[in-house]
Participant: 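Handing you a structure now.
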Amino acid sequence: QVQLVESGGGLVQAGGSLRLSCAASGISFSSYTMAWSRQAPGKGREFVAAISWSGGSTWYADFVKGRFTISRDNGKNTVYLEMNSLKPEDTAGYHCAARRGAYSGMGLNYDYWGQGTQVTVSS
């Protein structure tokens, strides 16, 4: 069975940093495009970042460019999201997602989703 388990969220002051991790199991990890999305309470999900099979290509939403970095370690079946210069508007549940194949991942059409980890940024 497919499992995506996020960790690393928490409380942080504006300007601070967090590193999120997503551990995947039940999939051939290196054959999947991986992504991060976020969703605030009462809001829809929005794309944050994605990374190709080997990490050679990345995509970012405009609102995180220059602040967030997505990476992956295929040997550990793990994708990361390094978040710097956090802003209160970054407060949301952050969800890991996986899609089979070479998806150009600027959207939210993914096959599997984790339950999320909460990031709260105080002002």
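Remember, it's a predicted structure, so these values are computed and weren't measured experimentally.
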Participant: Quick check: do Asn109 and Arg99 have side-chain heavy atoms less than 4.5 Å from each other?
Facilitator: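 Heavy-atom side-chain distance check passes, below 4.5 Å.
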
Participant: Are any non-hydrogen side-chain atoms of Leu20 and Val119 less than 4.5 angstrom apart?
Facilitator: yes

Participant: Is Arg72 positioned over the aromatic face of Trp53, cation under 6.0 angstrom from the ring centre and no more than 45 degrees off axis?
Facilitator: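 No.
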
Participant: Within this structure, what is the OG-CD distance for the pair Ser25 and Gln3, rounded to the nearest 0.5 Å?
Facilitator: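 Ser25 atom OG to Gln3 atom CD measures 4.0 Å (nearest 0.5 Å).
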
Participant: Return the minimal non-hydrogen interatomic distance between Asn74 and Ser30, and the atom names on each side.
Facilitator: ND2-CB, 3.6 Å

Participant: Is a side-chain N or O of Thr78 found less than 3.5 angstrom from the main chain of Lys76, in a donor-acceptor match?
Facilitator: yes

Participant: Please examine the side chains of Trp59 and Val48, heavy atoms only from C-beta on, and report whether any two atoms are closer than 4.5 Å.
Facilitator: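 No, every pair of side-chain atoms sits at 4.5 Å or beyond.
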
Participant: Within this structure, what is the SG-CD distance for the pair Cys96 and Gln115, rounded to the nearest 0.5 Å?
Facilitator: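 Atom-to-atom, Cys96:SG and Gln115:CD are 12.5 Å apart.
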
Participant: Counting N and O atoms only, with roles assigned by atom type, does the side chain of Ser52 sit under 3.5 Å from a partner on the main chain of Ser57, one being a donor and the other an acceptor?
Facilitator: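 Checked: pair present.
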
Participant: Output the distance between atom CZ (Phe68) and atom OG1 (Thr58), rounded to the nearest 0.5 Å.
Facilitator: 14.0 Å

Participant: For Ala98 versus Ile27, what's the shortest heavy-atom pair and its separation?
Facilitator: CB-CD1, 4.1 Å

Participant: Quick one: salt bridge (charged side-chain N to carboxylate O under 4.0 Å, His left out) partners of Glu46, sequence neighbours excluded?
Facilitator: Arg38

Participant: Val79 and Ile51: side chain to side chain contact (heavy atoms under 4.5 Å, CB included), yes or no, with the steps?
Facilitator: CA-CA 9 Å; Val79 63; Ile51 188 165; 4.1 Å; yes

Participant: Tyr112, Tyr94: one ILVMFWY side-chain cluster at the under-4.5 Å cut-off?
Facilitator: yes

Participant: Could you check whether any side-chain heavy atom of Met83 comes within less than 4.5 Å of a side-chain heavy atom of Asp90, counting everything from C-beta outward?
Facilitator: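 Of all side-chain heavy-atom pairs linking Asp90 with Met83, none is under 4.5 Å.
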
Participant: Evaluate the criterion side chain to side chain contact (heavy atoms under 4.5 Å, CB included) for residue pair Trp113 and Arg45; output intermediate values, then yes/no.
Facilitator: CA-CA 12 Å; Trp113 297 85; Arg45 288 194 177 193; 2.3 Å; yes

Participant: For Tyr103 and Tyr110, take the angle between the two ring planes, folded into 0 to 90°, and tell me which bin it lands in: parallel under 30, tilted 30 to 60, perpendicular over 60.
Facilitator: perpendicular

Participant: Applying disulfide bond (SG atoms under 2.5 Å apart) as the test, list every pair that has at least one member in residues 41-90; sequence neighbours left out.
Facilitator: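 Every pair satisfying disulfide bond (SG atoms under 2.5 Å apart) with a residue in residues 41-90: there are none.
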
Participant: Is it true that Lys65 and Asp62 have a side-chain N and a carboxylate O under 4.0 angstrom from each other?
Facilitator: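 Yes.
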
Participant: Return the minimal non-hydrogen interatomic distance between Thr91 and Pro88, and the atom names on each side.
Facilitator: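 The pair with the smallest heavy-atom distance is OG1-O, 2.9 Å.
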
Participant: Looking at Gln39, I'd like to know if its CD atom is crowded, meaning that more than 12 non-hydrogen atoms belonging to other residues, nucleotides or ligands lie closer than 6.0 Å.
Facilitator: yes

Participant: Within the structure provided, determine whether Met34 and Leu4 are in side-chain contact (heavy-atom separation under 4.5 Å).
Facilitator: yes

Participant: Which residue pairs satisfy the salt bridge (Lys or Arg N to Asp or Glu O under 4.0 Å) criterion with at least one member in residues 14-23, sequence neighbours excluded?
Facilitator: Arg19-Glu82

Participant: Quick check: closest heavy atoms across Asp73 and Phe29, and the distance to 0.1 Å?
Facilitator: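 In terms of heavy atoms, the two residues are closest at O-CE2, 4.0 Å.
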
Participant: Verify the cluster assignment for Leu18 and Leu11: are they in a single hydrophobic cluster under the rule of side-chain heavy atoms below 4.5 Å apart?
Facilitator: no

Participant: Counting N and O atoms only, with roles assigned by atom type, does the side chain of Thr117 sit under 3.5 Å from a partner on the main chain of Ser7, one being a donor and the other an acceptor?
Facilitator: no

Participant: Under the side-chain hydrogen bond (donor to acceptor under 3.5 Å, both in side chains) criterion, do Ser17 and Asn84 qualify, and how do the steps go?
Facilitator: CA-CA 4 Å; Ser17 299; Asn84 300 310; 2.8 Å; yes

Participant: Looking at every non-hydrogen atom in both residues, tell me the closest pair between Ala49 and Leu81 and how far apart they are.
Facilitator: CB-CD1, 4.2 Å

Participant: Is there a side-chain contact between Tyr80 and Ile70, using heavy atoms and a 4.5 Å cut-off?
Facilitator: no

Participant: Decide yes or no for Phe47 and Trp36: does some side-chain heavy atom of the first lie under 4.5 Å from some side-chain heavy atom of the second?
Facilitator: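 Counting from C-beta outward, Phe47 and Trp36 never come under 4.5 Å.
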
